[in-house]
2 protein chains.
Amino acid sequence: MEGRMTSGTFSKPAARRDGPAAFSPLYRQIRDLLVQALDQGEWKPGESIPSEIDLAARFQVSQGTVRKAIDELAAEHILIRRQGKGTFVATHQEALVRFRFLRLVSQGGELVPGHSEILACRKVRASAEMARELGLHPGDGLVYIRRLLSFKGKPTVVDDIYLPASLFKGLNLQILKENEGPLYWLFEARFGVSMVRADEKIRAVAACTEIGQLLGVESGHPVLRVDRVSYTYGDRAVELRYGHYVTEEYYYRNALI
Amino acid sequence: MEGRMTSGTFSKPAARRDGPAAFSPLYRQIRDLLVQALDQGEWKPGESIPSEIDLAARFQVSQGTVRKAIDELAAEHILIRRQGKGTFVATHQEALVRFRFLRLVSQGGELVPGHSEILACRKVRASAEMARELGLHPGDGLVYIRRLLSFKGKPTVVDDIYLPASLFKGLNLQILKENEGPLYWLFEARFGVSMVRADEKIRAVAACTEIGQLLGVESGHPVLRVDRVSYTYGDRAVELRYGHYVTEEYYYRNALI
DNA sequence: TAGTGGTCTAGACCACGGA
DNA sequence: CCGTGGTCTAGACCACTAG
């Protein structure tokens, strides 16, 4: 009963005078094991993971410790708890997840679903900077995608997307055109790459003629430029996305908390 | 409400009884009581609140329940836990808090402290829309502030700020000019109004001549337009802020999580 | 050494969803 | 009805900070 998996088994007794703090509580180790299992596809987006009691048995810890591990993953929106039903792997099919990654809302504040049109898809080679951001080598293969997002028929966003070809083998124009629903859903369902978080850099720039034509505005018109790096389970960058947003009828919404 | 208290396993079921009808677990009621105490100024920004054990005694619940209440407030960055020291009320003096409300970073990604210059301060009357957003009546008194933020000597942000005059009695140009440090620090230290969260709407617009002159760019130059509504403890809107950002050397950074 | 928050456990019971 | 997550308690011990 007692002696089982007390904190001594996992945690490090003192005796570290200057090394980087090596102490990691049990629940965080469990959290990392869960992420690892997710990364390996043990449970897929939309599926349920085992119950807290089962996981507690599997990892030989108390239910409370498993709970705290899941709490963290739920706070990161990697897992979703549903009382009475179970705990599920988040999927970009759900509106709540989608709108975390597409912040455009109409003047009134409604979250408007958009229509996506694929304009291009081809293989390119990574520049030095792209390689650095994706943890690849310059010249490595990338899949380039250009797509136009429209809201209520109005062209609003042009995205230029770059993906590591090694992770998205076989991705081509036909697959993209056949796809219905969010791109990230295609990525997770067909290629096993789940986008979990992203960092964005936002600027105001003047539209070039090419972008202007696609968005139906004059060249020089102010547009939002949104540079995104997206990450999957292990904090691994797996997408670069350069977006141009027309913000006359929709705006980028952000909550500061 | 009553069902909440009848959860007979509690050794002290008679402890809490509060009125607001909706069902909410004990720890959330404790959370709300803590927010209420903060709102009434029982503990001021930068100060420590009582220990978990003391609070547990005060509210007649277990330490674990208090912990969970504090956990929520810490997640909202309203409280800050420091192991071995105590739990403290967040203050805008801290860099971590400031940078949650000022998202501009340099190209390299460093968080650069800026220099603030007050350009104007006067009393105005609330328009219908402003009144609606602040929960006031049209015509109610507001304090209007224009300030210029510069980074490394370069003018970068013009903010037009509107505050309910009733909450900021006596705020004038002199007080603003004497103030050193963040505006929000002045607000919380001198007027007892703590900004806890905010919503922002972001667009790309062309600079008008007036804004262009202040920011040192041509009229028509693309700038970020950031409309902010800020909230204090009870989710009460207490500030409108319309910002224009030049984004050539600095950009707005956002984390999608 | 004393006091704080942080971790972990064990057990009881509540709320919810579905068979 | 059962199984799920959600709440609450009680107690032991660990990690950190300060005097």
Side-chain angles (χ1 to χ4, degrees), chain A residues 1-31 34 43 47-57 59-75 79-89, chain B residues 1-16 22-32 34 43 47-57 59-75 79-89:
Chain A
M1 24 151 100
E2 277 68 39
R4 169 222 359 227
M5 213 92 25
T6 57
S7 48
T9 310
F10 280 71
S11 61
K12 298 230 146 213
R16 67 163 188 285
R17 38 210 63 198
D18 59 7
F23 172 75
S24 153
L26 239 193
Y27 71 84
R28 177 145 298 134
Q29 302 177 44
I30 306 297
R31 188 211 96 108
L34 290 173
W43 313 297
E47 293 179 2
S48 69
I49 70 172
S51 74
E52 294 176 351
I53 292 177
D54 288 351
L55 289 171
F59 295 122
Q60 296 281 333
V61 299
S62 77
Q63 183 183 355
T65 298
V66 167
R67 258 193 93 65
K68 200 155 182 195
I70 293 178
D71 278 345
E72 288 208 342
L73 294 173
L79 296 178
I80 299 180
R81 327 187 73 138
R82 287 197 242 272
Q83 184 174 162
K85 300 181 71 173
T87 300
F88 298 79
V89 184
Chain B
M1 49 156 142
E2 200 41 51
R4 166 90 281 305
M5 286 317 144
T6 52
S7 46
T9 65
F10 303 164
S11 11
K12 299 118 180 168
R16 285 270 60 64
F23 161 85
S24 84
L26 238 195
Y27 71 83
R28 178 144 296 137
Q29 300 178 43
I30 306 298
R31 187 210 95 107
D32 293 343
L34 290 173
W43 314 297
E47 293 179 3
S48 69
I49 70 172
S51 74
E52 294 175 353
I53 291 177
D54 288 351
L55 289 171
F59 296 123
Q60 297 277 73
V61 299
S62 75
Q63 183 183 355
T65 298
V66 168
R67 256 194 94 64
K68 200 155 184 195
I70 293 179
D71 279 346
E72 288 208 343
L73 294 174
L79 296 178
I80 299 180
R81 326 186 72 136
R82 287 197 240 274
Q83 184 174 166
K85 299 180 71 173
T87 300
F88 298 78
V89 183

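The sequence lines fix the lettering, A, B, ..., with proteins before strands; numbering per chain opens at 1. Quick caveat: nothing in here was measured; it's all calculated off a predicted structure.
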>> If you compare all heavy atoms of A:A69 against all heavy atoms of A:L34, which two are closest, and at what distance to 0.1 Å?
In response: CB-CD1, 4.3 Å
Mind calculating the distance between [atom1] ([X]) and [atom2] ([N]) to the nearest angstrom?
X     : N      : atom1 : atom2 : answer
B:I80 : C:dG5  : CD1   : P     : 14 Å
A:Q29 : C:dT7  : CD    : C1'   : 12 Å
A:Q60 : C:dC8  : CD    : C1'   : 15 Å
B:R28 : C:dA15 : CZ    : P     : 15 Å
A:I30 : C:dT9  : CD1   : C1'   : 14 Å

Name all residues meeting the side-chain contact (heavy atoms from CB on, under 4.5 Å) criterion together with [X]; count only those two or more places apart in sequence or in a different chain, and write none if there are none.
X     : value
B:D54 : B:P50, B:S51
A:I49 : A:W43, A:L55, A:I70, A:L79, A:T87, A:V89
B:Y27 : B:P25, B:T65, B:K68, B:E72

>> Just N and O in the side chain of B:T65: are any of them under 4.0 Å from OP1 or OP2 of D:dT7?
In response: no
> Residues in side chain to side chain donor-acceptor pair (under 3.5 Å) with B:R81, at least two apart?
Replying inline: B:E52, B:D71
>> What stems show up for DNA chain D when you take Watson-Crick pairs (N1-N3 plus N6-O4 or O6-N4) and G-U wobbles (N1-O2, O6-N3), both under 3.5 Å, and require three or more consecutive pairs?
In response: C:1-18 with D:1-18
Which pairs, protein N/O on one side and nucleotides 3-6 of chain D N/O on the other, fall under 3.5 Å?
| from | atom 1 | to | atom 2 | distance (Å) |
| --- | --- | --- | --- | --- |
| D:dG3 | N2 | A:G84 | O | 2.9 |
| D:dT4 | O2 | A:G84 | N | 3.2 |
| D:dG5 | OP1 | A:T87 | OG1 | 3.4 |
| D:dG5 | OP2 | A:E52 | N | 3.0 |
| D:dG5 | N2 | A:Q83 | OE1 | 3.4 |
| D:dG6 | OP2 | A:R67 | NH1 | 3.3 |
| D:dG6 | OP2 | A:R67 | NH2 | 3.0 |
| D:dG6 | OP2 | A:R81 | NE | 2.6 |
| D:dG6 | OP2 | A:R81 | NH2 | 3.2 |

